[in-house]
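Working notes, structure below.
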2 protein chains.
Amino acid sequence: MARPNRTKVALLGFLSWGPMSGYDVRKLIDGSISNFWSESYGRIYPMLAQLVDEGLASVEKTESDGGRPRNIYSLTDAGRSALREWTEDPTAPSQLPRDERLLKLFFSAGVPPETTIELIERFVVELKETQEHYAQIRAQLEAAKDAPLDQRYWLMTLRYGETQREAELAWCEEVLAELRAMASD
Amino acid sequence: MARPNRTKVALLGFLSWGPMSGYDVRKLIDGSISNFWSESYGRIYPMLAQLVDEGLASVEKTESDGGRPRNIYSLTDAGRSALREWTEDPTAPSQLPRDERLLKLFFSAGVPPETTIELIERFVVELKETQEHYAQIRAQLEAAKDAPLDQRYWLMTLRYGETQREAELAWCEEVLAELRAMASD
DNA sequence: ATTTCCATGTAATGAGTTACATGATTGC
DNA sequence: GCAATCATGTAACTCATTACATGGAAAT
């Protein structure tokens with residue numbers, strides 16, 4: 001696990017909560033870390049198979065217990081220690097950001113300010129929707145009274161998103177004021 | 001240009017400033033938008049060839065004007081209107097964020113708070129380095145007195161990064177306070 | 001009846017990094 | 001003479017999304 005694949009560690013993390021299916025993982029992600037993470041089925045299912053190949057997880061096929069057969073994955077000891085190894089490492093790769101909205105803004109001198117105002121106003125709408133989404137995540141995370149220690153960490157990650165979105169909204173107001181002044185010249 | 005490739009529009013944008021080589025583009029990026037964008041040679045050179053294929057740019061090989069021959073690319077009219085089409089469109093795809101540091105924090109209940117404190121402290125160091133980098137970019141952008149309209153947009157994008165990093169630093173202080181309280185229990 | 005949700009998976013496609021190969025020129 | 005910089009490009013690899021295919025069960 002020199003530089004483990006990101007999907008891999010995400011799956012190890014969720015499986016550490018208990019045995020579950022790929023479908024379950026996806027739903028858990030949507031309800032907890034969609035704030036800063038996403039996974040597609042196209043990655044989840046192949047990666048689960050890979051975890052089994054590598055001995056980090058085991059799979060049990062539940063045949064006909066009512067619904068359609070499901071594949072339930074559990075961490076092995078090797079999986080648990082791989083997860084531990086990753087969480088204990090205090091480094092994180094700095095990701096190269098690529099923000100298409102900012103790229104557009106950067107090259108906007110050639111279009112009328114009104115166009116750029118709309119670009120930013122759409123961003124504001126999106127940000128407010130995101131904030132509402134965060135409120136739902138917050139409700140879900142705060143409901144987990146049975147895992148108080150985990151919960152504190154979860155709320156830290158949520159708080160990160162909340163403060164970032166707030167700062168973005170403040171920036172939007174600043175930029176909109178400038179653009180509107182430019183438009184009225 | 002339904003959903004143009006991101007590298008493509010970035011190249012169109014820089015070429016709109018005047019004819020230049022792939023090498024030049026890379027250096028310009030580093031000095032202006034490394035704040036929120038990056039391109040590797042492995043993308044730049046093939047994409048420049050593709051632009052020529054598509055009639056969006058033309059290339060002129062400068063043979064032996066002193067140094068090693070360079071390939072200088074210029075926008076065609078088609079290239080200019082493709083860029084215009086993109087900048088005039090006030091939409092931007094919302095990118096799915098994947099923050100490995102936050103993922104690690106999310107799953108940190110199983111490791112001692114000291115480990116997580118180090119994770120955040122490293123983040124603080126990185127953020128301060130980034131802020132210094134921004135100061136250099138600011139100096140470069142503010143030096144461009146010959147393009148005052150462009151400059152206003154450039155500074156808006158820079159200001160975005162500055163406010164985001166500030167908010168991150170404030171979040172780090174908050175989280176560090178909580179983690180230190182947890183560590184001293 | 002039909003839509004929605006559960007559930008798993010594959011194939012096609014795109015995007016992007018990193019490492020490598022090459023070789024000239026400039027500055028020390 | 002040697003290192004750094006200029007300059008272009010390719011190949012291998014990784015990573016990830018999207019669309020598609022399949023089909024059962026539950027709800028309306």
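Sequence lines set the chain letters: A, B, ... in the order given, protein chains first and strands last, and positions in each chain run from 1.
Both B:L48 and A:S40 lie close to DNA chain D; mapped to their nearest nucleotides by heavy-atom distance, the more 5′-ward contact belongs to B:L48. When each of A:Y41 and B:Y45 is assigned the nucleotide of DNA chain D with its nearest heavy atom, B:Y45 is the one assigned upstream, toward the 5' end.
In the set C:dT8, C:dG9, D:dC6, C:dT8 carries the atom at the smallest distance from any side-chain atom of A:S21. When distances run from any side-chain atom of A:R6 to the nucleotides D:dA16, C:dG9, C:dC6, the shortest one goes to D:dA16. Here the nucleotide nearest the side chain of B:K27, chosen from D:dG9, C:dA15, D:dA7, is D:dA7. For A:N5, the listed nucleotide lying nearest its side chain is D:dA16; candidates were C:dA15, D:dA16, C:dA7.
Residue contacts for A:G22: at a heavy-atom cut-off of 4.0 Å it reaches the sugar-phosphate backbone alone, with no base atom in range. Within 4.0 Å of A:R26, counting heavy atoms only, lies no atom of the nucleic acid at all.
Ring geometry, B:Y41 versus B:Y45: the interplanar angle falls under 30°, so the pair is classed parallel (tilted spans 30 to 60°).
Rounded to whole Å, the distance from CZ on A:R43 to C1' on D:dA16 is 6 Å. Note: NZ (B:K61) to C1' (D:dC6) measures 16 Å, nearest angstrom. One can place CH2 of A:W37 at 11 Å from P of D:dC15, the figure rounded to the nearest angstrom. Remark: C1' of C:dT10 and CE of A:M47 are 16 Å apart, rounded to the nearest angstrom. Protein atom CD of A:Q50 is 13 Å distant from nucleotide atom P of C:dT10, rounded to whole Å. One interatomic measurement links the two molecules: CG of B:D24 to C1' of D:dT5, which rounds to 13 Å at whole-angstrom precision. Atom CZ in B:R70 sits about 12 Å away from atom P in D:dG9, given to the nearest Å. Between A:I29 atom CD1 and D:dA16 atom P there is a gap of 12 Å when expressed in whole angstrom units.
Put simply, CD on A:E39 and OG on A:S34 are 12.5 Å apart, with the number rounded to the nearest 0.5 Å.
Between D:dA16 and A:T7, a contact under 4.0 Å exists linking OP1 or OP2 to a side-chain N or O. At the phosphate of C:dT17, OP1 or OP2 sits under 4.0 Å from a side-chain N or O atom of B:S38.
We find that B:R180 and B:E121 are joined by a salt bridge, their nearest charged nitrogen and carboxylate oxygen being less than 4.0 Å apart. Salt-bridge check for A:E126 with A:R101: passed, with a basic side-chain N closer than 4.0 Å to an acidic carboxylate O.
Side chains of A:R165 and A:Y134: a donor on one and an acceptor on the other come within 3.5 Å.
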